[in-house]
Number of protein chains: 2
Amino acid sequence: MRIERELMRGAGPVAVLKLLERGEMYGYELVESLSQQSDGVLAMGQSTLYPLLYNLEAKGLIAGSWREAPETGRARKYYALTGKGKKRLASDAKQWQALVNAMSVIGVVSRDGKRSVA
Amino acid sequence: MRIERELMRGAGPVAVLKLLERGEMYGYELVESLSQQSDGVLAMGQSTLYPLLYNLEAKGLIAGSWREAPETGRARKYYALTGKGKKRLASDAKQWQALVNAMSVIGVVSRDGKRSVA
DNA sequence: CGTTATACCTCGTGTCACATAGTATGTCCC
DNA sequence: GGGACATACTATGTGACACGAGGTATAACG
């Protein structure tokens, strides 16, 4: 499912941090992963992801390192979650949960995954 | 709980439409309601809400009408959800649910209201 | 009559999503 | 070996939006 971009604002960085929690990944891989793992909902183009990564790196939440891909030998920039990033992720996840709960209270979403009946 | 504004992007308009689904409300009332009903999570200042309302009105999703307050006699601009707005709300709620589900899949939030353990 | 609450409006700044475009290199197949 | 395709990162410009700060006006209250 494809959703309007405006709705996704704020979700992108949190999703990226969460994926990096499992282990380091490179940009192109993140673009593919986000699209596949969320059935397109969290999909974002390269021109959205890369600036997002630069932003997270500038804030010290992730750290990039150029290395060669073990399979192909191509240069890639792997991003890893920093200690600061882990704290931010925990904080953001908490806030996201609060937001979901609030939206649930006013009836926009339900907690069991079913859309509220209008 | 006060959350970072960036995370809330996209949630604001949906929350407003949802509140108006119950019946018409005026700006100041919406500011207060959003803050109270969500324990501050969905709180937004007037400088955020009013432009948001003008935007929704320009899109034909809500319709405003100046009337006098029955209790005080003061002039207020009451906003009501239009037919178009109802459809948009249904669509947005569906998309919001998809987003919540996607964030749940990657582990950022849980569906039962508890924060995922990092 | 001054303070507070109500109620609406505006401007400027900073941030962000995204489309578009560009660069470069590795793989595959003929 | 060369053209097509996938991989992978970078740059730029536009438009939208959240929000702080500031402004106006009126009713209620002591």
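In the text below, chain A, chain B and the rest are named by the order of the sequence lines, each starting its count at 1. No experiment lies behind these values; they were computed from the predicted model shown.
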Roughly how far, to the nearest 0.5 Å, is CG of A/L17 from CZ of A/R88? 8.0 Å

Donor-acceptor under 3.5 Å (B/S38 side chain, B/L34 main chain): yes

Non-neighbouring partners of A/Y50 that pass side-chain hydrogen bond (donor to acceptor under 3.5 Å, both in side chains), sequence neighbours left out: none

Please examine the side chains of B/K18 and B/L89, heavy atoms only from C-beta on, and report whether any two atoms are closer than 4.5 Å. yes

A/E24 atom CD is separated from D/dA8 atom C1', nearest whole Å, by 16 Å

Calculate the interatomic distance between A/W66 atom CH2 and D/dT10 atom C1'; express it in whole Å. 9 Å

A/A11 and B/L99: which non-hydrogen atoms are nearest, and at how many Å? CB-CD1, 4.1 Å

Set of side-chain contact (heavy atoms from CB on, under 4.5 Å) partners for B/R74, sequence neighbours left out: B/T72

Name each donor-acceptor pair under 3.5 Å that joins a side chain in residues 56-65 of chain A to protein atoms two or more places apart or in another chain, with its distance.
unit_1, atom_1, unit_2, atom_2, d
A/E57, OE2, A/G64, N, 3.1
A/K59, NZ, A/N55, OD1, 3.0
A/S65, OG, A/R67, NH1, 3.2

Rounded distance in Å - CD (A/E68) to P (D/dC9): 13 Å

Sorted by chain and number, sequence neighbours left out, side-chain contact (heavy atoms from CB on, under 4.5 Å) with B/E32 holds for B/Y28, B/Q36

Atom pairs, protein N/O to nucleotides 1-3 of chain C N/O, distance under 3.5 Å:
none

Main chain of A/E29, side chain of A/S33: is a donor-acceptor contact present, judged purely on distance under 3.5 Å? yes

B/Q46 atom CD is separated from C/dT6 atom P, nearest whole Å, by 11 Å

Quick one: is C/dC8 close enough that its OP1 or OP2 comes under 4.0 Å of any side-chain N or O from B/Y50? yes

Separation of C/dC8 P from B/E57 CD (nearest whole Å): 12 Å

To the closest 0.5 Å, what do you measure between CE (A/M103) and CD (B/Q97)? 10.0 Å

Distance below 4.0 Å between A/N55 side-chain N/O and C/dT15 OP1 or OP2: no

Under 3.5 Å, which protein N or O atoms sit close to an N or O of nucleotides 25-28 of chain D? Give each pair with its distance.
unit_1, atom_1, unit_2, atom_2, d
D/dT26, O2, B/R74, NH1, 2.9
D/dT26, O2, B/R74, NH2, 3.2

Sequence neighbours excluded, every pair satisfying salt bridge (charged side-chain N to carboxylate O under 4.0 Å, His left out) that has a member inside residues 95-108 of chain A: none

Starting at CE of A/M44 and ending at P of C/dA19, how long is that distance when rounded to a whole Å? 12 Å

If I take atom CZ in residue A/R76 and atom P in nucleotide D/dA6, what distance separates them, rounded to the nearest angstrom? 16 Å

Interface with DNA chain C, restricted to residues 25-37 of chain A and to heavy atoms under 4.0 Å: none

Ring pair (Phe, Tyr, Trp, His ring centres under 6.0 Å): pairs with one or both residues in residues 68-94 of chain A, sequence neighbours excluded: A/Y26-A/Y78

Which residue lies toward the 5' end of DNA chain D, A/P51 or A/A69, if each is placed at its nearest nucleotide? A/A69

Looking at B/Y54, does any N or O in its side chain come under 4.0 Å of the phosphate oxygens OP1/OP2 on C/dC9? yes

DNA chain D nearest-nucleotide lookup for A/S47 and A/A75: closer to the 5′ end is A/A75

